[in-house]
Amino acid sequence: MLTSGDYEWLRPPVVRAEIKVRCALIVDYCTKGINELMLAAGANSFRLASPLQRFFRDMNMLRVHAYLDLDSACETHGRILQGLPPQTPV
């Protein structure tokens, strides 16, 4: 059986929520950057041999991951700051 002492290594929820927001912001910035780059690069950048295509695909795939969703991360952080329980795992 686990006791409260088993979780001493975990950071407080507010710190974990801040880290989650920071991670989501980094993914959002990178996704917006690669999307702008792809707009300027043209259709040839979507060929399978193009590294840009892989960056575009990977960043846009990361963006839809539940942990890295910016809206969800900001909502969770705000709820914790207001003393409300988070609606998603932190």
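- Looking only at side-chain heavy atoms (C-beta outward), Asn44 and Ser50 stay at 4.5 Å or farther from each other.
- With sequence neighbours excluded, the residues that form a side chain to side chain contact (heavy atoms under 4.5 Å, CB included) with Asn35 are Thr31, Phe56, Asn60, Arg63.
- Counting heavy atoms of neighbouring residues, nucleotides and ligands inside a 6.0 Å radius, atom CZ of Arg57 exceeds 12 of them.
- With sequence neighbours excluded, no residue forms a side chain to side chain donor-acceptor pair (under 3.5 Å) with Asp71.
- The shortest distance between side-chain heavy atoms of Ser72 and Lys20 falls below 4.5 Å.
- Among pairs with a residue in residues 10-35, none fulfils ring pair (Phe, Tyr, Trp, His ring centres under 6.0 Å), at least two apart in sequence or across chains.
- For Ser45 against Gly42, the heavy-atom pair with the smallest separation is OG-O, 2.5 Å.
- Transitive grouping of hydrophobic side chains (ILVMFWY, heavy atoms separated by less than 4.5 Å) brings Ile19 and Val14 into a common cluster.
- Closest non-hydrogen pair, Ala24 versus Leu68, comes out as CB-O, 3.6 Å.
- For Pro51, the side chain to side chain contact (heavy atoms under 4.5 Å, CB included) test picks out Arg54, Phe55, with sequence neighbours left out.
- When all heavy atoms of Arg11 and Arg16 are compared, the pair lying nearest together is O-NE, 3.0 Å.
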Check: Step by step, would you call Asp69 with Val64 a side-chain contact (heavy atoms from CB on, under 4.5 Å)?
Finding: CA-CA 6 Å; Asp69 179 52; Val64 299; over 6 Å; no
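- The two residues Ile80 and Ala17 make their nearest non-hydrogen contact at CD1-CB, 3.8 Å.
- The shortest distance between side-chain heavy atoms of Met59 and Val27 falls below 4.5 Å.
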Note to self: Between Gln53 and Arg47, is the side-chain contact (heavy atoms from CB on, under 4.5 Å) condition met? List the steps.
What the structure shows: CA-CA 7 Å; Gln53 179 270 143; Arg47 295 185 186 275; over 6 Å; no
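- Using a 4.5 Å cut-off between side-chain heavy atoms of Ile, Leu, Val, Met, Phe, Trp and Tyr, with links allowed through other members, Leu37 and Leu62 fall into the same hydrophobic cluster.
- Applying the side chain to side chain donor-acceptor pair (under 3.5 Å) rule to Asp28 yields the partners Lys32; only residues at least two apart in sequence or on another chain are considered.
- Remark: Leu84 engages Arg79, Gln82 in a side chain to side chain contact (heavy atoms under 4.5 Å, CB included) (not counting sequence neighbours).
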